[in-house]
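The first residue of the sequence shown is numbered 1, and numbering continues consecutively from there. First listed ligand is number 1; within each ligand, the first listed atom is number 1.
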Amino acid sequence: MKTLLLTGATGFLGGAALEKLLKDNQGVNYLILVRAENVQQGLNRIRANMEKFNINKTTLDKLTPENILLGDLSEPTHFLSDTRINTVTHVVNCAAVASFGNNPLIWKVNVEGTLAFAQRMAQVKGLKRFLHVGTAMSCAPEPGSLVAESAEFEETAEHLVEYTRSKSTIEQLMRQSCPQLPLVIARPSIVVGHTRLGCQPSSSIFWVFSMALMLRKFMCSLQDNIDVIPVDYCADALVMLLNCETLDNDVYHISAGEESSVSFADIDRAIAAALEKPPVGDHYAQVSYEALLQMRRQLKDIFGPCNERLMLKAMRLYGSFAMLNVRFSNEKILKLGMPKPPRFTDYIACCVQSTRGLSIPQQMVVDFK
Ligand SMILES: NC(=O)c1ccc[n+]([C@@H]2O[C@H](COP(=O)([O-])OP(=O)(O)OC[C@H]3O[C@@H](n4cnc5c(N)ncnc54)[C@H](OP(=O)(O)O)[C@@H]3O)[C@@H](O)[C@H]2O)c1
């Protein structure tokens, strides 16, 4: 029987992975890393997140206080001395500061704490797999490209945000300093919504598309493509990578790839159909960030009460990613037996439905922690 140490289960991807594992009813002993004052509070935090996935009570009751490992990756020494860690056979490491903002903990958690965790796990004799969740964007991709998985990173690569730099650095450090770690890296592309629940588990990133269409202008062209997957597909792929006894590779994209990526024009049409409105279409203009800056005074009229500085910062950061027009090859994970991912536009109506009544500033809070 597996003893699984899961991190990040109060978050979007880790929550979806835990829901999938609990629902599959696989024989797993869970040890779940949570930040909390005490074990009961930790369990309550996990339960609250599972409820966002509509998990039923009987399934939820499988988790008990014994499954909780209290700990914080910014101060890992304490939880790393817990002797239960010596019995762990599998790790799924979803925890990270996943923010495009200037969170001062990005480096401490995503690099220093994660490295200490990996080094500790490398000493666990029975450990069979350490599945680390990276990000496809950590390779600082060339605009317009179809990116293949590679363990090599360009030293001089320019990162748009500190977050992707931290994610690229930790992958390299784990490889260098933990050669005995049974490391497999999953690199999801852009995770938006859930195929049935839309943005109920998290409104992360969905607001960017709504924001651009409300502005009728943004930094990308409507012809640009974007590689988006739903969180439930991502969770299915993570569980597959966890359970496969042998893997031919140690880096896997979890992505839409060339076939299932969509253009911003497709997204415009699908959102319009869900809202029963005409698409923005020809009224849309591709503009520079400077042009968006000049709209500063109109932002409150368009979006309601908002922090103008934060809105502009969001436009600059997410606009730069939207302009990349990259897709991430998903050949390897498809070869492993994963079905093709659904297109973003196939389930976008659920995302629209689940964010009705929420303003853009309310939806974007999750991405600026
Ligand atoms: N979302 C995407 O589009 C996407 C795409 C590619 C890759 N990824 C990767 O997927 C992983 C999860 O991202 P997400 O979108 O699920 O983010 P998220 O919703 O913000 O969840 C982050 C998780 O990490 C935990 N965490 C943060 N700081 C911690 C600390 N100091 N100690 C222990 N746990 C800590 C959080 O716990 P608290 O609840 O206590 O804060 C939460 O459970 C990240 O590694 C991210 O790089 C995400």
Side-chain angles (χ1 to χ4, degrees), residues 5-19 32-37 41-42 44-50 52-53 68-80 91-101 103-114 116-117 131-139 141 159 161-171 174 185-194 199 201-208 226-235 237-238 252-256 318 321 326 328 344 364-369:
L5 171 45
L6 173 65
T7 74
T10 52
F12 189 30
L13 270 58
L18 180 58
E19 189 241 10
I32 305 176
L33 182 74
V34 197
R35 293 195 287 180
E37 296 286 315
Q41 192 192 77
N44 292 346
R45 290 198 65 213
I46 297 290
R47 285 192 168 145
N49 198 32
M50 288 299 96
K52 293 186 194 164
F53 291 88
I68 302 297
L69 171 64
L70 288 179
D72 189 321
L73 278 165
S74 68
E75 293 163 2
T77 326
H78 184 64
F79 83 83
L80 290 181
V91 173
V92 180
N93 185 32
C94 296
V97 180
S99 171
F100 284 8
N103 187 318
L105 289 175
I106 288 179
W107 207 258
K108 208 164 186 214
V109 172
N110 297 3
V111 180
E112 293 165 12
T114 302
F117 175 44
L131 180 61
H132 173 77
V133 179
T135 168
M137 288 290 181
S138 65
C139 67
H159 285 272
V161 287
E162 181 73 349
Y163 157 70
T164 55
R165 197 164 73 89
S166 72
K167 298 290 289 184
S168 137
T169 305
I170 185 58
E171 283 196 21
M174 284 193 295
I185 294 173
R187 292 191 194 143
S189 53
I190 301 172
V191 186
V192 182
H194 184 286
C199 295
S202 171
S203 56
S204 176
I205 304 177
F206 182 66
W207 56 271
V208 181
I226 187 151
D227 190 313
V228 171
I229 50 160
V231 76
D232 41 333
Y233 179 82
C234 184
L238 289 175
Y252 289 86
H253 281 156
I254 306 176
S255 56
Y318 286 89
F321 278 100
V326 284
F328 299 95
F344 183 28
M364 65 194 274
V365 170
V366 282
D367 288 318
F368 284 91
K369 284 179 278 195

(request) Answer yes when K108 and E75 have at least one side-chain N-carboxylate O distance shorter than 4.0 Å, and no when they do not. (result) no
(message) Check for me whether the distance between the ring centres of F368 and F100 falls short of 6.0 Å.
(response) no
(message) Test your reading of the model: is there a side-chain donor-acceptor pair from T7 to the backbone of C94, 3.5 Å cut-off?
(response) yes
(message) Residues around ligand 1, heavy atom under 4.0 Å from any ligand atom, sorted by chain and number. Can you pull those?
(response) G8, A9, T10, G11, F12, L13, R35, R45, D72, L73, S74, C94, A95, A96, A98, V109, V133, G134, T135, Y163, K167, P188, S189, I190, V191, I205, K369
(request) For H194, enumerate each residue passing the side chain to side chain donor-acceptor pair (under 3.5 Å) test, keeping only those at least two apart in sequence or located in another chain. (result) none
(request) Please identify each residue that fulfils side chain to side chain donor-acceptor pair (under 3.5 Å) with D367, with sequence neighbours left out. (result) S204, W207
(message) My understanding is that only residues two or more places apart in sequence, or in another chain, count here; which of them pass salt bridge (charged side-chain N to carboxylate O under 4.0 Å, His left out) with D72?
(response) R35
